[in-house]
J.: 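Before I ask anything, let me first share the structure, which is written out below as structure tokens.
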2 protein chains.
Amino acid sequence: MTAQRRAILEELRGTDAHPSATELYEMVRRRLPRISLGTVYRNLEIMSEEGLALKLEHAGAECRFDGNVAPHSHVRCLGCGRISDVPMDIPRELVAGAAKASGYRIAGCRLEFDGWCRKCGRKRRGRCGADGA
Amino acid sequence: MTAQRRAILEELRGTDAHPSATELYEMVRRRLPRISLGTVYRNLEIMSEEGLALKLEHAGAECRFDGNVAPHSHVRCLGCGRISDVPMDIPRELVAGAAKASGYRIAGCRLEFDGWCRKCGRKRRGRCGADGA
DNA sequence: CTCCTATTAGTAACCATTATCATTATTAAC
DNA sequence: GTTAATAATGATAATGGTTACTAATAGGAG
Ligand SMILES: [Mn+2]
Ligand SMILES: [Mn+2]
Ligand SMILES: [Zn+2]
Ligand SMILES: [Zn+2]
């Protein structure tokens with residue numbers, strides 16, 4: 001394992017912010033100023049194949065990465081873009097229902113939420129007062 | 001409503017293949033050979049804002065569009081990339097659970113499945129015989 | 001018809017991600 | 001430790017889906 005890969009993994013494990021490749025690049029650059037963005041992408045790809053990291057291909061946005069490889073879902077804030085964990089199991093019968101309804105053999109599934117984080121929700125209520133303070 | 005927009009919407013409503021912008025462009029081009037790809041993108045964007053079409057920003061792939069605006073989920077075949085409908089409701093208590101677990105006010109959610117369509121599943125079983133003929 | 005505004009076709013720009021490749025680091029063998 | 005084989009790196013170019021720009025066109029109100 002190279003110094004670059006180790007640094008990327010350590011930075012990834014040291015945050016719960018689900019950074020993008022570019023953000024991780026900036027983080028690692030503080031330690032290894034000569035690392036290149038391509039190296040970050042390459043190693044994130046390798047580590048997500050090896051199960052050391054999770055590649056979050058959340059719909060309609062750049063990829064983000066997660067050092068927490070336990071299965072869990074995510075919410076994205078519609079205000080600030082932050083992605084937070086949703087520690088929640090997807091009911092088995094939901095997957096079974098999808099298999100039955102579609103005729104596919106289901107191999108995996110993702111549950112993605114959009115919403116408003118506490119900070120953005122507060123700002124929003126303050127601004128329009130429309131949704132039951 | 002321009003001829004271009006009408007043609008795009010009609011083509012979209014005439015298929016359940018969830019075409020990409022480029023695929024739709026090829027379809028519409030048979031009727032309006034001088035239409036441009038930019039026009040297709042622009043009108044799909046407008047129509048999805050107006051609720052006439054659905055923009056599917058499926059994780060890690062190009063956008064696809066859906067003329068069926070009723071809420072439903074999708075499966076993507078890991079073999080051929082086809083996207084099929086999964087007529088299924090997302091249980092309310094799942095959303096409530098996510099709100100509680102994350103602290104976000106949930107505004108929407110997507111359930112995406114990956115799997116093997118009947119055709120690709122058959123080919124796959126034929127090739128390796130590993131998963132219960 | 002004439003003016004006005006919206007829309008179009010064509011093309012350039014954008015930006016996240018991948019590919020390429022000469023150089024450099026790591027590993028294994030001696 | 002030296003050497004040879006192999007793998008990874010940094011720098012940069014290429015890719016591909018999407019958006020932005022702009023001059024030309026279409027079409028509706030008066
Ligand atoms: Mn996470
Ligand atoms: Mn559909
Ligand atoms: Zn927020
Ligand atoms: Zn298939």
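Lettering follows sequence order; numbering is per chain, from 1.
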J.: So what does A:R5 hit on the nucleic acid, given a heavy-atom distance under 4.0 Å: a base, only sugar-phosphate, or nothing?
T.: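 Sugar-phosphate, backbone atoms only, no base.
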J.: Looking only at side-chain N and O atoms, does A:T39 offer a donor or acceptor that is under 3.5 Å from a partner on A:R42?
T.: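 Yes.
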J.: In terms of side-chain geometry, is the basic nitrogen of A:E57 or A:R64 positioned less than 4.0 Å from the acidic oxygen of its partner?
T.: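 Here A:E57 does not pair with A:R64 in a salt bridge, since their nearest N and O are not under 4.0 Å apart.
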J.: Quick one: label A:M1 by what it contacts on the DNA or RNA (base, sugar-phosphate, nothing), any heavy atom closer than 4.0 Å.
T.: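 The residue A:M1 makes sugar-phosphate contact but no base contact.
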J.: With the 4.5 Å side-chain cut-off for hydrophobic clustering, are B:M47 and B:L32 part of the same group?
T.: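 The answer is yes; both residues are in one hydrophobic cluster.
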J.: Ion pair present between B:R29 and B:E26, side-chain N to carboxylate O less than 4.0 angstrom?
T.: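 Salt bridge between B:R29 and B:E26, a charged N being under 4.0 Å from a carboxylate O: yes.
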J.: Counting just side-chain N and O atoms, does A:T2 come under 4.0 Å of either OP1 or OP2 of D:dA7?
T.: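 Indeed not, no polar side-chain atom of A:T2 lies that close.
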J.: Starting at the 5' end of DNA chain D, which residue's closest nucleotide do you reach first, B:K55 or B:A3?
T.: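 Between the two, 5'-proximity favours B:K55.
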J.: In residues 7-39 of chain B, which residues come under 4.0 Å of DNA chain C by heavy atom?
T.: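 B:R34, B:I35, B:S36, B:T39, in order of number.
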J.: Are A:D89 and A:H72 close enough that a side-chain donor and a side-chain acceptor fall under 3.5 Å?
T.: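 The answer is no; no qualifying pair exists.
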J.: In whole angstroms, how far is the C1' atom of D:dA26 from the CZ atom of B:R6?
T.: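 Interatomic distance, CZ of B:R6 to C1' of D:dA26: 13 Å.
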J.: Has A:R42 got a side-chain N or O lying under 4.0 Å from the OP1 or OP2 atom of D:dA8?
T.: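 Result: no.
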J.: If you check the A:Q4 side chain, which of C:dA16, D:dT18, D:dG10 turns out closest?
T.: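 So the nucleotide nearest the side chain must be D:dG10.
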J.: Could you check whether B:R110 pairs with A:D114 (Lys NZ or Arg NE/NH1/NH2 to Asp/Glu carboxylate O, under 4.0 Å)?
T.: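 Looking at B:R110 and A:D114, the cut-off is met.
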J.: Does D:dT18 have OP1 or OP2 under 4.0 Å away from a side-chain N or O of B:Y41?
T.: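 Indeed, a polar side-chain atom of B:Y41 lies that close.
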J.: With a 6.0 Å cut-off (strictly less than), is the heavy-atom count around CZ of B:R31, excluding the residue itself, greater than 12?
T.: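 Counting other residues, nucleotides and ligands, CZ of B:R31 exceeds 12 neighbours.
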J.: Can you confirm if the aromatic rings of A:H74 and A:H18 lie within a centre distance of less than 6.0 Å?
T.: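 A:H18 vs A:H74: aromatic centres under 6.0 Å.
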J.: Could you tell me, to 10°, how much the axis swings from one end of the helix from C:dC1-D:dG30 to C:dC30-D:dG1 to the other, five pairs per end?
T.: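 End-to-end axis angle: 30°.
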J.: Would you give the length of the straight line joining atom CG of A:N43 to atom OG1 of A:T2, rounded to the nearest 0.5 angstrom?
T.: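 One finds 5.5 Å between CG of A:N43 and OG1 of A:T2.
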